[in-house]
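Structure first, then comments.
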Amino acid sequence: MEITDLTPAERRVRDAFPLGEGVDFREGEDEDAASGAAWGPERTLRAEVLRELLLDGPVREGRIAGLKVWGARITGRLDLRYGTVAHPVRLRSCHFEEAPDLYGARVVALVLSDSVLPGLTAGNLRADGVVRITCCRITGPVRLQGARLSGAFFANGARLGTPGEVPEEAVLQLNHAEVATDVWAPELVAHGKVHMNGAVVRNQVNLNDAELNAPGATALHAEVLTVGTDLHAMRLRVRGRVNLGGARIPRQLNLAHARLSHPGGQALRASSSVVGELWLREAEPIEGAVNLRRAQLDLLHVPPEVWPRQVQTDGLGYRVLTPHLPAAQRLPLLEREPDGYLPHPYEQLAAAYRTVGDDGAARTVQLAKLRRHRRTLPPYARLWGFLQDAAVGYGFRPMRAAGWLLLLLCTGTLAFALHHPPALKPSEAPAFNPLFYTLDLLLPIIDFGQEGAFAPRGWYQWLAYLLVAAGWVLATTIAAGVTRSLNRQ
């Protein structure tokens, strides 16, 4: 096609191109590009003409050429595959009849703000500046997999996909893309899946107030995502799964005030991820399971009422747990592990309490761990566990042992004071002392010479047996408790 074979609208654009000036076809700044299919030839541009301008258009010395157009209807496919465009491309508030194809192209900047498109193909794109689809309405997929952007990617306020539909192909594809600054997409609305698997974003990802709709599927698929600072997703609304398995987010993963819903499946998966701080402050109760297995966090801020009925926490590590609450309010979470009793979540919770100096709460967690473990044991071991628990709380309630000893000492002293047991060898027996006789029975490692000198009979003999057995139980459990305390130190 000869570039001289132009319509009046195309001549305006050609004349403005070498000067870097803009051409505005709009009748008003609030005009909606959705009505662009009805725009006439006075504001219609052929994609072939734009391609020729971008690849081989005229330039003027001392001026910076560039394509700047508002409010045009663009017919045909803008095909820039593998092309090198040395000029910025700004096609704002335009209506595209076909999806532009920039696969493998290199551009200075690509701005399509407020436009309406049936899709965008830009896999392996190289952009020296920003790529912007701010407030665009794009019904087909936006393919940016493998793109390398030296600037930011802006999708704030964009509307992707068709309401009520979840297409097989993701509506936004940033798989293995590299973005030198930010992915900026607050108020993004996606009807379909968003893929960011293996993407690298050097600064932050912003999804504040975004809505991701893919019921029954993975709404945000961002496995092994690497973010330089934060992933902000305050007030995020998701229908479908959020998959952040293996992600690296050194500062905040902020899901405050978010609503995550995937009934019957996993609403949030962040297994094997490394995150500085995970915030779910004032979020709505999560609908669906949560998988945090093997994740490593510095701070975890999740109120108990936010957790769903099923939470996988085996291998989860965190240093600080906020808000600081009594152990009784945190322990029910550990009962929601689908695989039943696992020791690590209890040890981790106890360690978090010790980190902030709440040793009492840490002991409560350790005691709850042993009680939970007891349920998995055979009957004879459960019986022994009940005895240890009742006696000294598995060593975490040492004052309880002192109480039992005092009660048994008083009982035995009173009983044997009222009825002295007869001496085995009256001529050799020391004077009977009911207090020290009872101590001899209770404390197996102490010998005051009373137990071997006297032999009770009848029910007093059974009382003696009871004191001996109780003494061994208390001594054993106290020793176990002391050993456990030393191990914790």
### Task
Could you tell me the separation between the CG atom of Leu231 and the CG atom of Leu278, rounded to the nearest 0.5 Å?
10.5 Å
### Query
If we ignore angles and hydrogens, is there a donor and acceptor under 3.5 Å between the side chains of Asp101 and Thr121?
no
### Query
Do the non-hydrogen side-chain atoms of Leu300 and Thr322 ever get within less than 4.5 Å of each other?
no
### Message
Rounded at 0.5 Å granularity, tell me how far CD1 in Ile249 sits from CD in Gln204.
### Response
12.0 Å
### Query
Can you tell if the side chain of Thr181 reaches within under 4.5 Å of the side chain of Val201, non-hydrogen atoms only?
no
### Message
So, applying side-chain contact (heavy atoms from CB on, under 4.5 Å) with Leu207, which one of Val183, Leu255, Leu220 is it?
### Response
Leu220
### Task
Report yes or no: is the cationic atom of Arg132 (NZ for Lys, CZ for Arg) under 6.0 Å from the centre of the six-membered ring of Phe154, at an angle within 45° of the ring normal?
yes
### Task
Please assess Arg237 against Glu284 for the test side-chain contact (heavy atoms from CB on, under 4.5 Å), listing each intermediate value before the final yes or no.
CA-CA 10 Å; Arg237 298 292 183 265; Glu284 297 192 18; 4.3 Å; yes
### Message
Is the shortest side-chain heavy-atom distance between Val13 and Val49 below 4.5 Å?
### Response
no
### Query
Atom NE2 of His195 and atom CD of Gln173: how far apart are they, to the nearest 0.5 Å?
7.5 Å
#### Entry: Pair His191-Thr162, side-chain donor/acceptor within less than 3.5 Å
no
### Message
Run the side-chain hydrogen bond (donor to acceptor under 3.5 Å, both in side chains) test on Glu347 and Gln366 for me, step by step, so that the C-alpha distance in whole Å, both residues' side-chain angles and the decisive distance to 0.1 Å come before the verdict.
### Response
CA-CA 7 Å; Glu347 294 293 341; Gln366 292 280 15; 3.3 Å; yes
### Query
side-chain hydrogen bond (donor to acceptor under 3.5 Å, both in side chains) between Arg293 and Ser271: does it pass, once the steps are laid out?
CA-CA 5 Å; Arg293 288 187 171 180; Ser271 57; over 6 Å; no
### Phe96 and Leu91, any side-chain heavy atoms less than 4.5 Å apart
yes
### Task
Give the intermediate values and the outcome of side-chain contact (heavy atoms from CB on, under 4.5 Å) for residues Arg251 and Glu277.
CA-CA 6 Å; Arg251 288 179 55 182; Glu277 301 177 3; over 6 Å; no
### Message
Angle between ring planes, Tyr346 versus Tyr341, binned at 30° and 60°: parallel, tilted or perpendicular?
### Response
tilted
### Query
To the nearest 0.5 Å, what is the distance between CG (Leu236) and CG (Asp209)?
9.0 Å
### Query
If you measure from CD on Gln312 to CG on Leu342, what distance do you get to the nearest 0.5 Å?
10.0 Å
### Query
Are any non-hydrogen side-chain atoms of Leu45 and Leu50 less than 4.5 angstrom apart?
yes
### Query
Only one of Val238, Leu172, Val242 forms a side-chain contact (heavy atoms from CB on, under 4.5 Å) with Val194, so which one is it?
Leu172
### Task
Compare all side-chain heavy atoms of Arg371 with those of His373 and state whether any distance is below 4.5 angstrom.
no
### Task
State, to 0.1 Å, how close Ala295 and Ala270 come at their nearest heavy-atom pair, and which atoms those are.
CB-O, 3.5 Å
#### Entry: Donor-acceptor pair, side chain of Asp24 and main chain of Arg26, under 3.5 angstrom
yes
### Message
Checking Asn124 against Tyr103 for the side-chain hydrogen bond (donor to acceptor under 3.5 Å, both in side chains) test, could you report, in this order, the C-alpha distance in whole Å, the side-chain angles of both residues, the deciding distance, and whether it holds?
### Response
CA-CA 6 Å; Asn124 291 316; Tyr103 185 88; 2.7 Å; yes
### Message
Rounded to the nearest 0.5 Å, what separates atom CZ in Arg319 from atom CD in Gln296?
### Response
13.0 Å
### Query
Can you tell if the side chain of Phe153 reaches within under 4.5 Å of the side chain of Leu144, non-hydrogen atoms only?
yes
### Task
List the steps, then state whether side-chain hydrogen bond (donor to acceptor under 3.5 Å, both in side chains) holds for Thr218 with Asn243.
CA-CA 7 Å; Thr218 300; Asn243 185 355; 5.5 Å; no
### Query
Do Ser115 and His95 have side-chain heavy atoms sitting under 4.5 Å apart?
no
